[in-house]
Amino acid sequence: MTASSVPLIRPVRPEDFNAVFELARRAGGGMTNLPADEPALRTRVDFACESFAANAVEPGPEVYMTVLEVGGRILGTSAVFSSIGLDNGFVNYKVNWTFHASRQVNKRIKRRLLVLTHDFTGAAEVGSLFLSPDARGGGYGKFLARTRYLFIAQRPDIIADPVCAELRGWRAPGGAQPFWEALGRRFFEMEFEEADVHNAANGNQFIAELMPRYPIYVSLLPEDARACIGRPHDGAAPAYNMLMAEGFRFNDYIDIFDGGPLVDAKQNEIRTIRESMTAPVAGVIDDVDAAAGRKADAIVATGAVADFRAVRTSVVFGGDAGPDAGDRGPAEGVVIGRDAADRLGVEPGAPVRWVLW
């Protein structure tokens, strides 16, 4: 394997736009943070590039989009949104309950309500996770997802807490969206794709302006729309499962458009952040697989913000790759291969953050 063929996750660059647009097109819509609309996406990529150069010192409007580069091709995207909804608020439905009782007819009825909230305004968000269908099955989606948390761990002071994630809501095999048809269309009077692109390009102020301000009884919605509440898109189910494995939880918040679930976690509850360690590069060798010592598959990251880089690679624990390397703890450092070191731009002694795969 050559250095250029080692899968790398790095900040997006302006010259990546065409490749990122192709990924957005293949995502098939419904991903507000990765719109398949060229002007809207170009604005987002340009802003991400500006965010990396902004030298932020606290959570703000910055969007840190990263890309997966394999063999010179851009095969995936993900992003960390430093603090969302600062201009117009971040709107979701909270699924609440109400209770009705009548002694006269001896009935007690518990009903679900959809209530507009701004509970996650000012929170951080992880999103824009999409992997090219050409690259699926190799663990790249998990690599993209977990690397976001290492990015946060490198500079937690510029990322708000808690961290949330919105998942695309369920669609029928033919593309129909029962939740949107039953609710959103009645108030926005536009197609889902039009509303989604407008949200991506201009923010969600129009949601607060056009949606009803009063709670909506779930029982008034058609059965197929009710079934969508909190249900992720079939294509988003793996991402949902990865979020759950990281410690995120679904607390009855859903997307305003398609009913997809919103999940959240505190930074210190996210498994990859909790389990990650910092250590120096103890050595760089040509063939990690042939080295003696205790080996493991890991994600290794270096740098912060604009200098952030991450690879998935084999590591050897210990201060060298000698026969007793595995007898020392990870604090002594990790030995990595030359190709991985070249991709990260590190030499022996450089600090890295790593977590077991």
Side-chain angles (χ1 to χ4, degrees), residues 31-35 40 43-44 46-66 78-96 114-129 145 148-169 196 198-211 213 215 230 239-240 243-244 246-270 272-274 304-305 308:
M31 291 186 68
T32 304
N33 294 326
L34 195 67
T43 297
R44 286 187 172 265
D46 289 346
F47 184 68
C49 294
E50 294 169 7
S51 296
F52 282 111
N55 296 317
V57 296
E58 62 183 3
E62 293 80 21
V63 177
Y64 302 109
M65 176 184 283
T66 56
S78 64
V80 176
F81 298 76
S82 176
S83 185
I84 55 178
L86 297 181
D87 291 334
N88 300 311
F90 186 76
V91 184
N92 288 98
Y93 276 132
K94 177 72 165 69
V95 184
N96 284 341
L114 300 181
V115 181
L116 284 176
T117 79
H118 289 85
D119 289 355
F120 287 92
T121 295
E125 182 183 9
V126 290
S128 303
L129 179 62
R148 298 179 298 192
Y149 312 128
L150 295 183
F151 181 93
I152 294 171
Q154 291 290 80
R155 282 295 306 273
D157 57 310
I158 65 169
I159 306 299
D161 206 11
V163 181
C164 70
E166 279 193 312
L167 284 300
R168 281 190 293 169
D196 197 42
H198 187 88
N199 186 22
N202 304 296
N204 63 10
Q205 178 64 28
F206 78 109
I207 297 175
E209 294 169 346
L210 295 179
M211 285 300 288
R213 293 168 175 78
Y240 180 83
L243 287 161
M244 295 296 102
E246 285 287 343
F248 286 75
R249 293 293 176 263
F250 175 57
N251 293 308
D252 292 322
Y253 290 91
I254 64 171
D255 181 75
I256 201 88
F257 286 164
D258 57 23
L262 179 146
V263 299
D264 69 280
K266 299 289 286 184
Q267 287 188 23
N268 62 10
E269 296 171 341
I270 298 173
T272 294
I273 293 177
R274 288 198 332 265
V305 196
F308 181 80

Practice item. Over all heavy atoms of both residues, which pair between Ala79 and Arg148 is shortest? Give the atoms and the distance, please. Key: O-CD, 3.7 Å

Review point. Side-chain contact, heavy-atom cut-off 4.5 Å: Asp252 with Tyr93?
Key: no

Practice item. Mind checking the CG-CD1 spacing from Leu262 to Ile256? Nearest 0.5 Å is all I need. Key: 11.5 Å

**Study point:** Test item: Tyr240 and Val263 side chains (from C-beta on) under 4.5 Å apart, heavy atoms
**Key:** yes

Check your understanding: Gly122 and Ser83: which non-hydrogen atoms are nearest, and at how many Å?
Key -> O-OG, 3.0 Å

Practice item. Please lay out, stage by stage, how Tyr149 and Val163 fare under the test side-chain contact (heavy atoms from CB on, under 4.5 Å). Key: CA-CA 10 Å; Tyr149 312 128; Val163 181; 5.5 Å; no

Check your understanding: According to the interplanar angle, ranging from 0 to 90°, do the rings of Phe120 and Tyr253 count as parallel (below 30°), tilted (30 to 60°) or perpendicular (above 60°)?
Key -> perpendicular

Point to revise | Spacing of Ile152 atom CD1 and Ile158 atom CD1 [to the nearest 0.5 Å] | key: 10.0 Å

Study note, to complete from the structure: Here the pair of heavy atoms bringing Leu86 nearest to Gly60 is CD1-C, 3.6 Å

Revision key, fill the gap. Looking only at heavy atoms, the pair that brings Glu166 and Asp255 closest together is OE2-OD1, 3.2 Å

Check your understanding: In Å, rounded to the nearest 0.5 Å, how long is the span from CG of Leu34 to OG of Ser78?
Key -> 10.5 Å

Check your understanding: Do you know the tightest heavy-atom contact between Phe47 and Glu62?
Key -> CE2-CA, 4.0 Å

Check your understanding: Backbone N or O of Pro61 within a donor-acceptor pair of the Ser82 side chain at under 3.5 Å?
Key -> no

Check your understanding: Can a donor-acceptor pair be found between the side chains of Asp119 and Asn92 at a distance below 3.5 Å?
Key -> no

Practice item. Report the C-alpha distance between Arg155 and Phe308 in whole Å, list the side-chain angles of each, state the deciding distance to 0.1 Å, and finish with yes or no for side-chain contact (heavy atoms from CB on, under 4.5 Å). Key: CA-CA 10 Å; Arg155 282 295 306 273; Phe308 181 80; over 6 Å; no

**Study point:** Approximate separation, where rounding is to 0.5 Å, of Arg168 CZ and Asp258 CG
**Key:** 9.0 Å

Point to revise | Exam field: side chain Arg249 to backbone Met244, donor-acceptor pair closer than 3.5 Å | key: yes

Practice item. Apply side-chain contact (heavy atoms from CB on, under 4.5 Å) to Val95 and Leu114, showing your working. Key: CA-CA 5 Å; Val95 184; Leu114 300 181; 3.9 Å; yes

Point to revise | Any donor-acceptor pair under 3.5 Å from Gln267 side chain to Ala160 backbone | key: yes

Check your understanding: Between Phe151 and Tyr64, what is the ring plane arrangement, given parallel below 30°, perpendicular above 60°, and tilted in between?
Key -> tilted

Practice item. Could you go through the side-chain contact (heavy atoms from CB on, under 4.5 Å) check for Ser128 and Val63 one step at a time? Key: CA-CA 10 Å; Ser128 303; Val63 177; over 6 Å; no

Point to revise | Spacing of Leu116 atom CG and Arg213 atom CZ [to the nearest 0.5 Å] | key: 9.0 Å

Check your understanding: So, for Ile159 and Pro59, which heavy atoms are closest and what is the spacing to 0.1 Å?
Key -> C-CG, 3.8 Å

Exercise for review: Supply the atom-to-atom distance Lys94 NZ to His118 NE2, rounded to the nearest 0.5 angstrom.
Suggested key: 16.0 Å

